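Take a look at the structure below.
None of the values given here were measured: they were computed from a predicted structure.
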Amino acid sequence: MQVFSIFEHSPSLELAITKLEQEGVTKKNIFAIPIDESDETLKIFDSIHDADGFSFLDKSLALAVATGVVGTSLGFNLTWGPIIWGLIAAFIGFSIGFLWNICVIKLTKNSRRTERKILPLVILVVECERENVKSVEFILKEHKALGVNTPHLNDDENL
């Protein structure tokens with residue numbers, strides 16, 4: 001049987017391999033496959049599939065509404081009228097809010113908006129007998145495996 005697991009590349013992986021060797025699994029039955037880490041950097045604008053919980057538009061739109069209302073009410077006394085002055089004030093408010101958000105994120109170290117540092121992942125495949133599967137799974141889980149799985153095969157299937 002093969003037991004598949006995923007680990008972060010850390011000392012706990014080395015300890016798990018050592019413990020498996022102490023339990024009788026030979027080195028030639030343990031396969032460690034490192035996965036290349038991605039070099040993706042933090043983006044300012046979120047996509048529909050990847051968001052970090054920060055929105056540029058919330059403050060900008062709220063400020064646009066507030067300044068638009070003030071601009072509209074003042075526009076009744078000005079020559080271009082309330083609609084034009086409301087739109088101008090809303091655009092100015094949106095721009096101020098947007099620039100404020102960019103400055104806050106770029107110039108300050110926001111503790112909530114940091115890149116997660118994930119250690120490189122390693123897939124560990126252990127070949128063992130059927131009666132040793134539970135003990136191998138226990139050892140892997142005990143040493144902080146991110147995931148462990150054993151494909152369940154029917155007895156009548158031939159590989």
Side-chain angles (χ1 to χ4, degrees), residues 1-20 30-127 133-154:
M1 290 285 301
Q2 291 182 335
V3 180
F4 297 91
S5 61
I6 297 177
F7 282 89
E8 287 183 338
H9 198 296
S10 64
S12 61
L13 169 64
E14 303 296 330
L15 291 171
I17 292 173
T18 304
K19 182 74 171 178
L20 288 171
I30 300 174
F31 305 101
I33 302 133
I35 304 297
D36 293 336
E37 59 182 292
S38 68
D39 55 351
E40 189 173 319
T41 59
L42 193 61
K43 298 179 180 118
I44 290 181
F45 296 105
D46 296 334
S47 69
I48 193 168
H49 301 293
D50 182 34
D52 59 2
F54 283 87
S55 174
F56 280 119
L57 298 179
D58 289 349
K59 291 181 189 115
S60 302
L61 289 175
L63 199 56
V65 168
T67 56
V69 168
V70 171
T72 301
S73 65
L74 292 177
F76 281 107
N77 297 330
L78 300 174
T79 57
W80 287 351
I83 294 176
I84 299 296
W85 283 110
L87 290 174
I88 290 171
F91 178 74
I92 291 171
F94 182 83
S95 300
I96 291 170
F98 191 77
L99 290 174
W100 176 263
N101 284 332
I102 294 239
C103 290
V104 165
I105 287 178
K106 286 290 188 180
L107 299 178
T108 64
K109 297 288 183 190
N110 196 336
S111 62
R112 288 184 4 191
R113 187 177 168 87
T114 57
E115 290 187 53
R116 289 186 312 161
K117 279 307 209 186
I118 298 175
L119 296 173
L121 296 179
V122 176
I123 298 175
L124 189 68
V125 181
V126 180
E127 287 189 21
V133 169
K134 293 293 180 192
S135 64
V136 168
E137 285 180 348
F138 178 76
I139 291 170
L140 295 174
K141 288 176 184 176
E142 182 181 46
H143 288 89
K144 301 178 184 171
L146 298 176
V148 177
N149 195 356
T150 306
H152 298 287
L153 300 174
N154 294 333

Q.
Applying side chain to side chain contact (heavy atoms under 4.5 Å, CB included) to Leu146 and Leu121, what does each step give before you reach the verdict?
A. CA-CA 9 Å; Leu146 298 176; Leu121 296 179; 3.7 Å; yes
Q: Decide yes or no for Leu140 and Leu20: does some side-chain heavy atom of the first lie under 4.5 Å from some side-chain heavy atom of the second?
A: yes
Q | Contact check, side chains of Val3 and Glu137, non-hydrogen atoms, under 4.5 Å | A | yes
Q. Rounded to the nearest 0.5 Å, what separation is found between the OG atom of Ser10 and the NE2 atom of His143?
A. 10.5 Å
**Q.** Contact summary for Ile139 and Ala16, nearest pair of heavy atoms
**A.** CG2-O, 4.1 Å
Q. Which atoms form the tightest heavy-atom contact between Glu8 and Leu13, and what is the distance?
A. O-CB, 4.1 Å
Q: With sequence neighbours excluded, tell me which residues meet side chain to side chain contact (heavy atoms under 4.5 Å, CB included) with Lys141.
A: Val148
Just list the side-chain donor-acceptor pairs under 3.5 Å for residues 68-95, sequence neighbours left out, or say none.
from  : atom 1 : to    : atom 2 : distance (Å)
Thr72 : OG1    : Gly68 : O      : 2.7
Ser73 : OG     : Val69 : O      : 3.3
Ser73 : OG     : Val70 : O      : 2.8
Ser95 : OG     : Phe91 : O      : 2.9

Q. Hey, what do you get for OG1 (Thr150) to CE (Met1), rounding to the nearest 0.5 Å?
A. 5.5 Å
Q: Just jot down the side chain to side chain contact (heavy atoms under 4.5 Å, CB included) partners of Ala32, sequence neighbours excluded, or say none.
A: Val122, Leu124
Q. Which residues pass the side chain to side chain contact (heavy atoms under 4.5 Å, CB included) test with Gln2, sequence neighbours left out?
A. Phe4, Val125, Glu127
(Q) Can you give me the closest heavy-atom contact between Leu63 and Gly97, atom names plus distance? (A) CD2-N, 3.6 Å
**Q.** CD1-CZ distance between Ile17 and Phe7, expressed to the nearest 0.5 angstrom
**A.** 8.0 Å
Q.
With heavy-atom distances below 4.5 Å as the criterion, would you say the side chains of Val126 and Phe31 are in contact?
A. no
Q. Just wondering, do Ser5 and Ile123 contact through their side chains at under 4.5 Å, heavy atoms?
A. no
